[in-house]
Amino acid sequence: MLARALVVLLLVLNLGVAAWWTLRAPPAPAPAFVPPSDVARLQLVSEKPGAKPAAPAPAPVAQGLPAASPAPATPPATPTPDMAIAATPPPATPAASARCYSVGPFANASAANSAREVLMAVASRVVPREQRTGSPRGWRVYLPPMASLAEAQAAAQRIAGAGFGDYFIVRQGNEANSIALGRYRNEESARRRADSLAAAGFAVRAEPLGDGGPSTVWLDLVAKPEFDPARAEAAVQVPARELDCARIR
């Protein structure tokens with residue numbers, strides 16, 4: 001009897017505990033922790049305003065191998081005077097196989113300018129040239145005035161070194177520091193002298209002396225492959241004659 005009473009008691013107690021656990025109210029949440037006002041709050045570095053992200057950790061170095069050093073930055077190339085000179089193309093000169101012509105004469109500069117617009121389509125270069133129709137007193141060949149006497153003297157030394165004589169430096173007047181290279185009775189002799197000096201690399205000029213009467217204008221040109229002298233004559237109504245390309249200035 002005593003054992004049965006104990007079993008009934010334990011059963012009643014279990015039923016009571018189960019009923020209490022099922023019907024009990026949920027526990028109240030713990031109150032939020034509020035730190036005292038006189039104590040500073042801990043804050044992570046990443047939480048601060050304007051903070052930069054942490055740099056990534058360096059890659060691990062393989063055992064026995066040296067760490068690769070970063071490649072140095074290459075500064076941009078600074079232009080030098082030699083580079084600027086090399087980048088500037090030299091003036092175009094007629095090739096050895098170029099064909100050159102002298103078209104004219106034209107009565108005035110206006111007619112020559114109109115013809116020049118037409119000829120530019122079939123020529124890589126067109127240079128106007130003025131010529132007197134009368135007979136001048138003679139012709140001269142010369143180098144134009146230079147910036148200083150020292151520069152003129154240096155040019156004279158180069159002329160002598162190239163094997164040319166009959167020259168002198170003009171030291172006074174409007175043509176001071178120019179170099180006279182000879183006077184001639186006719187244009188042919190003057191042109192021959194000028195061409196030989198030009199072939200040696202000197203930018204000489206040949207021009208008549210004195211008033212040779214009214215002037216006419218010629219157009220000296222370096223022809224493109226499609227240039228046809230006959231068609232050019234028909235277009236500008238003046239003859240086109242072959243010309244030594246070295247005479248085009």
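On a predicted model such as this, the values are computed, not experimentally measured, just so you know.
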Worksheet item: So does Arg205 pair up with Glu175, basic N to acidic O under 4.0 Å?
Response: no
Worksheet item: Any side-chain heavy atom of Glu207 sitting closer than 4.5 Å to one from Tyr142?
Response: yes
Worksheet item: Hey, what's the ring geometry for Tyr101 with Phe227, parallel, tilted or perpendicular (30° and 60° as the breaks)?
Response: tilted
Item to complete: Decide side-chain contact (heavy atoms from CB on, under 4.5 Å) for Arg247 and Asp220; before the verdict, give the C-alpha distance in whole Å, the side-chain angles of both, and the deciding distance to 0.1 Å.
Response: CA-CA 9 Å; Arg247 295 180 60 178; Asp220 298 337; over 6 Å; no
Discussion item. Could you check whether any side-chain heavy atom of Leu197 comes within less than 4.5 Å of a side-chain heavy atom of Phe164, counting everything from C-beta outward?
Written reply: yes
Practice prompt. Determine whether more than 12 heavy atoms belonging to other residues, nucleotides or ligands lie under 6.0 Å from atom CD of Glu226.
Written response: yes
Discussion item. Looking at Ala240, is its backbone amide N or carbonyl O close enough to the side chain of Glu233 to form a donor-acceptor pair, meaning the two atoms are under 3.5 Å apart?
Written reply: yes
Worksheet item: So does Arg191 have more than 12 non-hydrogen atoms from other groups sitting under 6.0 Å from CZ?
Response: yes
Worksheet entry | Closest contact, heavy atoms only, Pro145 versus Ala176 | CB-O, 3.5 Å
Item to complete: Determine the minimum heavy-atom distance between Val217 and Ala112, stating which atoms define it.
Response: CG1-CB, 3.6 Å
Discussion item. On a heavy-atom basis, which atom in Val222 and which in Cys100 lie closest, and how many Å separate them?
Written reply: CG2-SG, 3.9 Å
Item to complete: Would you check, one step at a time, whether the test side-chain contact (heavy atoms from CB on, under 4.5 Å) holds for Arg193 with Asp166?
Response: CA-CA 11 Å; Arg193 168 78 162 173; Asp166 188 17; 4.1 Å; yes
Worksheet item: Out of curiosity, does Phe202 fall in the hydrophobic cluster containing Ile169 (side-chain heavy atoms, cut-off under 4.5 Å, transitive links)?
Response: yes
Item to complete: Treat each ILVMFWY residue as a node, draw an edge where side-chain heavy atoms are under 4.5 Å apart, and state whether Phe168 and Met146 are in one component.
Response: no
Worksheet item: Taking all atoms of both residues into account, what is the closest heavy-atom pair of Pro144 and Ala203, and its distance?
Response: CD-O, 3.8 Å
Worksheet item: Taking all non-hydrogen atoms of both residues, which atom of Ser102 and which atom of Leu243 are closest, and how far apart?
Response: N-CB, 3.9 Å
Discussion item. Quick check: is Val126 connected to Phe106 through a chain of hydrophobic side chains (ILVMFWY, heavy atoms under 4.5 Å apart)?
Written reply: yes
Practice prompt. Heavy atoms only: give me the nearest Ala232-Leu119 pair and the separation to one decimal.
Written response: CB-CD2, 4.1 Å
Worksheet item: Does atom CZ of Arg241 have more than 12 heavy-atom neighbours, drawn from other residues, nucleotides or ligands, at distances under 6.0 Å?
Response: yes
Worksheet item: For the side chain of Gln237 and the backbone of Ala234, is there at least one donor-acceptor N/O pair under 3.5 Å apart?
Response: yes
Worksheet item: Does a side-chain heavy-atom distance below 4.5 Å link Val238 with Val236?
Response: yes
Item to complete: Determine whether Val204 and Val170 fall in the same hydrophobic cluster, where Ile, Leu, Val, Met, Phe, Trp and Tyr are linked whenever their side-chain heavy atoms lie under 4.5 Å apart.
Response: no
Practice prompt. Please report the C-alpha distance between Ser178 and Leu143 in whole Å, then the side-chain angles of each, then the deciding distance to 0.1 Å, and finally whether the side-chain contact (heavy atoms from CB on, under 4.5 Å) criterion is met.
Written response: CA-CA 6 Å; Ser178 65; Leu143 271 173; 5.9 Å; no
Worksheet item: How long is the span from the OG1 atom in Thr216 to the CD atom in Glu130, to the nearest 0.5 Å?
Response: 8.0 Å
Practice prompt. Keeping the roles fixed (side chain from Asn186, backbone from Ser189), state whether a donor-acceptor pair exists under 3.5 Å.
Written response: yes
Practice prompt. Starting at OG of Ser124, measure out to CG of Leu221 and round the result to the nearest 0.5 Å.
Written response: 8.5 Å
Worksheet item: Same hydrophobic cluster for Val127 and Val122, using side-chain heavy-atom links shorter than 4.5 Å among ILVMFWY?
Response: no
Worksheet item: Within a reach of under 6.0 Å around CD of Gln153, are more than 12 heavy atoms found that belong to other residues, nucleotides or ligands?
Response: yes
Item to complete: With rounding to the nearest 0.5 Å, note down the distance linking CG in Leu219 to CE in Met120.
Response: 11.0 Å
Worksheet item: Counting only N and O atoms by type, is there a donor-acceptor contact under 3.5 Å from the side chain of Arg99 to the main-chain atoms of Lys224?
Response: yes
